[in-house]
2 protein chains.
Amino acid sequence: MQKCPVEITVELIEGKWKTELLRHLLGGTKRFNELRRLMPEVTQRVMTNQLREMERDGLVERTVYAEIPPKVEYRLTELGRSLEPMLLEMLRWGEAYVRAAEAAGCDRSRNP
Amino acid sequence: MQKCPVEITVELIEGKWKTELLRHLLGGTKRFNELRRLMPEVTQRVMTNQLREMERDGLVERTVYAEIPPKVEYRLTELGRSLEPMLLEMLRWGEAYVRAAEAAGCDRSRNP
DNA sequence: AGGAGTGGTAACGCATGGGTTTGCAGGGAG
DNA sequence: CTCCCTGCAAACCCATGCGTTACCACTCCT
């Protein structure tokens, strides 16, 4: 049986740092350490992983320049850029959710 | 620093079976074993977990009827139902993604 | 008596995703 | 000479999510 496209979509963006990476990359091509400086909490290894997965999934393109010191650029593919409207939809829903949650007085934090 | 609403949205639906549960519950109120029959691959324990998390997050409402044999109904809250347009957007994107992926000839299966 | 159908919980195991640390290559700057 | 910058990889650890199995309580049906 085939997997639902919604599920596929979720799997593509559910890495811990992928949505933030997408946000930054939607702003334009970035170098590796540029991304690291934008997201200092992320380890180098994890950053590489997330980017590599997105590359494997066809969302991100990786360009290596044979220079010293090394230079590697990450940019969104056409497919990656096509995520933007959907992400905006998710953004709007998320904002509404947060508003609704705090209107309900519920502190839905995950630390019990 | 505040977490991005997109990230929040992802966290709410990224459980392994949550999108499928949402699909079924968008079709109307369901009893527990009714859901189990719709999704036989899911263990009872896991099913309970996913539903409980969605309840905690305010997406699902749980009603217990004091009958014998027990009867427990799960229905979407207003907030849960408000997910539908966003999920449809994700569905459409996912379909386009699959088409693009197989057009590119790439078998992006996760088993190397 | 025994089985099925109801909706659970508890104990356990395991793969995986993420995090930490360390090392490497090769040239430029102090 | 030594340190810094670039982007990466390998070895290791740990928490979490999911899965497996077993058990419970209560009633009706055969």
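Remember, predicted model here, so these are calculated numbers, not experimental data. Per chain, numbering begins at 1; letters A, B, ... match sequence-line order.
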(message) What is the distance, to the nearest angstrom, from the CD atom on A:E73 to the P atom on D:dT6?
(response) 14 Å
(message) For A:R92, is there an ion pair with A:E89 - N to carboxylate O distance below 4.0 angstrom?
(response) yes
(request) Quick one: closest heavy-atom pair of B:Y74 and B:L25, and the distance? (result) O-CD2, 3.4 Å
(request) Could you state the atom-to-atom distance from CD of A:E11 to C1' of D:dG17 in whole Å? (result) 14 Å
(message) Using a strict heavy-atom distance below 4.0 Å, which residues from residues 29-37 of chain B are in contact with DNA chain D?
(response) none
(request) Determine the contact category for A:Y74: base if any of its heavy atoms lies under 4.0 Å from a base atom, sugar-phosphate if only primed atoms, P, OP1 or OP2 are that close, otherwise nothing. (result) sugar-phosphate
(message) One thing to verify: whether B:K16 and A:E7 come together as a salt bridge, which I'm taking to mean a side-chain N less than 4.0 angstrom from a carboxylate O.
(response) no
(request) Kindly say if B:K16 contacts the phosphate of D:dG19, meaning a side-chain N or O under 4.0 Å from OP1 or OP2. (result) yes
(message) Strictly distance-based, threshold 3.5 Å: is any side-chain N or O of A:R36 a donor or acceptor partner for the main-chain N or O of A:V42?
(response) yes
(request) Indicate the atoms forming the closest heavy-atom contact of B:P85 with B:R81, along with that distance. (result) CD-O, 4.3 Å
(request) Rounded to the nearest angstrom, tell me the gap between atom CZ in A:R62 and atom P in D:dT6. (result) 16 Å
Each nucleotide N or O in nucleotides 24-30 of chain D that has a protein N or O under 3.5 Å away: list the pair and distance.
none

(request) For A:G15 and for B:V64, locate the closest nucleotide of DNA chain C by heavy-atom distance; then report the residue assigned to the nucleotide nearer the 5' terminus. (result) B:V64
(request) Measure across B:L79 and B:G58 and return the closest heavy-atom pair with its distance rounded to 0.1 Å. (result) CB-O, 3.7 Å
(request) Return no unless some side-chain N or O of A:T43 is found under 4.0 Å from OP1 or OP2 of C:dT20. (result) yes
(request) Would you name the heavy atoms of B:L38 and B:E20 that are closest together and state the gap between them? (result) O-OE2, 4.5 Å
(message) Rounded to whole Å, please give me the gap between CG in A:N49 and P in C:dG19.
(response) 10 Å
(request) Starting at atom CD of B:E67, determine the distance to atom P of C:dT6, rounded to an integer number of angstrom. (result) 12 Å
(request) May I ask you to check if A:K71 and A:Y65 form a cation-pi contact, with NZ or CZ under 6.0 angstrom from the six-membered ring centre and within 45° of the axis? (result) yes
(message) Keeping B:E34 on the side-chain end and B:R31 on the backbone end, is there a donor-acceptor pair under 3.5 Å?
(response) yes
(request) Please step through side-chain contact (heavy atoms from CB on, under 4.5 Å) for the pair A:L87 and A:L26, ending with a clear verdict. (result) CA-CA 11 Å; A:L87 289 173; A:L26 279 170; 4.2 Å; yes
(request) Send over the distance from B:R56 CZ to D:dG17 C1', rounded to a whole Å. (result) 13 Å
(request) Answer yes when B:R75 and B:E73 have at least one side-chain N-carboxylate O distance shorter than 4.0 Å, and no when they do not. (result) yes
Anything under 3.5 Å between a protein N or O and an N or O of nucleotides 9-13 of chain D, put it in a table, one pair a line.
residue	atom	partner	partner atom	Å
D:dA9	OP1	A:R52	NH2	3.4
D:dA9	OP2	A:R52	NH2	3.4
D:dA11	N6	A:R45	NE	3.2

(request) Would you mind reading off the distance between B:E14 atom CD and D:dT16 atom C1', rounded to a whole angstrom? (result) 11 Å
(request) Could you tell me the separation between the CE atom of B:M90 and the CD1 atom of B:I13, rounded to the nearest 0.5 Å? (result) 4.0 Å
(request) Return the value, rounded to whole Å, for the distance between atom CG of B:L12 and atom P of D:dG17. (result) 14 Å
(message) So B:Q50, base contact, sugar-phosphate only, or nothing? Heavy-atom distance under 4.0 Å.
(response) sugar-phosphate
